[in-house]
Amino acid sequence: MAQPAGHAAGRYSGIGAAAGPVTGGTQPARFDTTASPVALLNPADTLALSPESNPQLGLLRQQVAVSQQQIKVESLRRLPDVRVGYFNQTINLEKGFNVGQVGLAVPLLGGVQKARVTAARLGQQVADQQLTYAQSQLTAQLATLRQQLRRARASLTYYEQAALPQARLILDTAEKSFRAGDIEYVEYVVNTQPAWQIQEGYLDQVRQYDDLVVSLLAVVGTEPVATK
């Protein structure tokens with residue numbers, strides 16, 4: 001099982017030990033990498049994530065709801081409009097004349113209103129299709145990002161468990177030889193070059209992993225968690 005990246009970073013905080021001979025100090029230089037640069041999201045944690053909270057899907061759902069309401073509005077306009085009224089009237093200073101009115105308004109342009117209902121239903125179909133398409137696209141994108149995140153995590157595990165310890169050994173060996181006078185500075189630089197390349201590769205892999213985490217959280221509509 002891969003160990004937490006924060007622990008790995010703490011173990012390899014001395015990866016820059018070789019800077020000591022370069023600067024002429026009596027002690028090797030140390031770089032503080034106790035703050036893990038790896039985003040706090042493991043591939044296994046992504047299984048519970050879903051794109052349903054994506055803001056794009058929320059907007060499309062609102063459009064579907066609006067289109068459904070539009071169908072109801074247009075359908076109601078085809079029905080007769082019944083109006084009932086009542087008022088009290090005074091004529092020649094005599095009160096008590098109560099008047100009631102009942103009216104029935106029938107739409108004359110039934111064909112036009114029917115076309116509006118049909119158009120509203122077509123609008124709902126389009127909104128439904130857009131929502132379904134966006135859901136399928138985001139689901140496929142999430143699956144792809146999960147696979148890429150697993151591969152990136154595997155690469156980080158390799159660096160943390162194998163490559164970085166090897167880089168530290170290279171640096172320690174070269175530093176001891178340089179301080180003992182067994183090798184010259186030029187040879188020291190050549191001997192430590194692979195260690196710096198390993199460290200550079202690790203940091204590049206961390207960047208790729210963090211970028212994948214940001215992309216994945218954007219798909220599911222979740223804010224990235226700050227590293228500790």
Side-chain angles (χ1 to χ4, degrees), residues 1-23 28-60 133-175 188-228:
M1 181 178 296
Q3 297 184 3
H7 293 171
R11 291 201 310 273
Y12 308 127
S13 61
I15 195 68
V22 178
T23 58
R30 300 290 176 178
F31 299 108
D32 182 13
T33 58
T34 55
S36 173
V38 182
L40 300 179
L41 181 67
N42 292 320
D45 298 333
T46 66
L47 297 178
L49 298 179
S50 168
E52 291 304 310
S53 57
N54 186 285
Q56 179 185 357
L57 293 185
L59 178 60
L60 291 174
Y133 177 76
Q135 286 174 326
S136 63
Q137 289 293 103
L138 289 173
T139 300
Q141 186 177 356
L142 180 59
T144 300
L145 287 170
R146 281 197 184 107
Q147 293 178 355
Q148 294 176 344
L149 195 67
R150 283 195 293 268
R151 290 195 294 266
R153 180 64 258 185
S155 296
L156 285 178
T157 300
Y158 162 75
Y159 273 103
E160 293 166 358
Q161 295 185 351
L164 289 179
Q166 181 65 26
R168 176 61 186 271
L169 179 61
I170 292 173
L171 290 174
D172 288 345
T173 302
E175 180 182 343
Y188 166 81
V189 172
V190 173
N191 290 348
T192 57
Q193 188 63 28
W196 301 120
Q197 291 174 346
I198 291 173
Q199 176 71 354
E200 182 180 358
Y202 171 70
L203 294 177
D204 183 65
Q205 190 62 46
V206 168
R207 178 190 59 79
Q208 295 181 33
Y209 185 87
D210 290 351
D211 287 345
L212 286 172
V213 169
V214 172
S215 298
L216 190 148
L217 294 181
V219 169
V220 300
T222 304
E223 291 291 334
V225 180
T227 57
K228 296 181 180 180

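Starting from 1, each residue takes its place in the sequence as its number.
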Visitor: Assess whether side chain to side chain contact (heavy atoms under 4.5 Å, CB included) is satisfied between I170 and N191, documenting all intermediate values.
Guide: CA-CA 8 Å; I170 292 173; N191 290 348; 5.7 Å; no

Visitor: Taking all non-hydrogen atoms of both residues into account, name the closest pair between G221 and P55 and its distance.
Guide: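 For G221 and P55, the tightest heavy-atom pair comes out as CA-CD, 4.1 Å.
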
Visitor: Do the side chains of E160 and R153 get close enough for a salt bridge, i.e. N-O under 4.0 angstrom?
Guide: yes

Visitor: Can you tell which of R207, Q148, R150 makes a side-chain contact (heavy atoms from CB on, under 4.5 Å) with L212?
Guide: Q148

Visitor: Distance from Y188 atom OH to L171 atom CG, nearest 0.5 Å?
Guide: 6.5 Å

Visitor: What pairs with R151 under salt bridge (Lys or Arg N to Asp or Glu O under 4.0 Å), at least two apart in sequence or on another chain?
Guide: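 Applying salt bridge (Lys or Arg N to Asp or Glu O under 4.0 Å) to R151 gives none.
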
Visitor: When rounded to the nearest 0.5 angstrom, what distance separates OG1 in T192 from CD1 in I198?
Guide: 11.5 Å

Visitor: State, with a plain yes or no, whether a side-chain heavy atom of V206 is found less than 4.5 Å away from one of Y202.
Guide: yes

Visitor: Work out which heavy atom in L138 is nearest to a heavy atom in V219; give both atom names and the distance.
Guide: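 Minimum heavy-atom contact is O-CG1, 3.7 Å.
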
Visitor: Do V214 and D210 come close enough that some side-chain heavy atom pair is under 4.5 Å?
Guide: no

Visitor: If you look only at pairs with a residue in residues 188-197, which of them pass as a salt bridge (Lys or Arg N to Asp or Glu O under 4.0 Å), with sequence neighbours excluded?
Guide: none

Visitor: To the nearest 0.5 Å, how far apart are CG in N54 and CG in L59?
Guide: 10.0 Å

Visitor: First locate atom CD of Q137, then atom CG of L57, and finally report the distance between them rounded to the nearest 0.5 Å.
Guide: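 It is 11.0 Å, given to the nearest 0.5 Å.
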
Visitor: Mind checking whether Q166 and L169 have side chains closer than 4.5 Å, heavy atoms only?
Guide: yes

Visitor: Mind checking the CG-CD spacing from L156 to Q161? Nearest 0.5 Å is all I need.
Guide: 11.0 Å

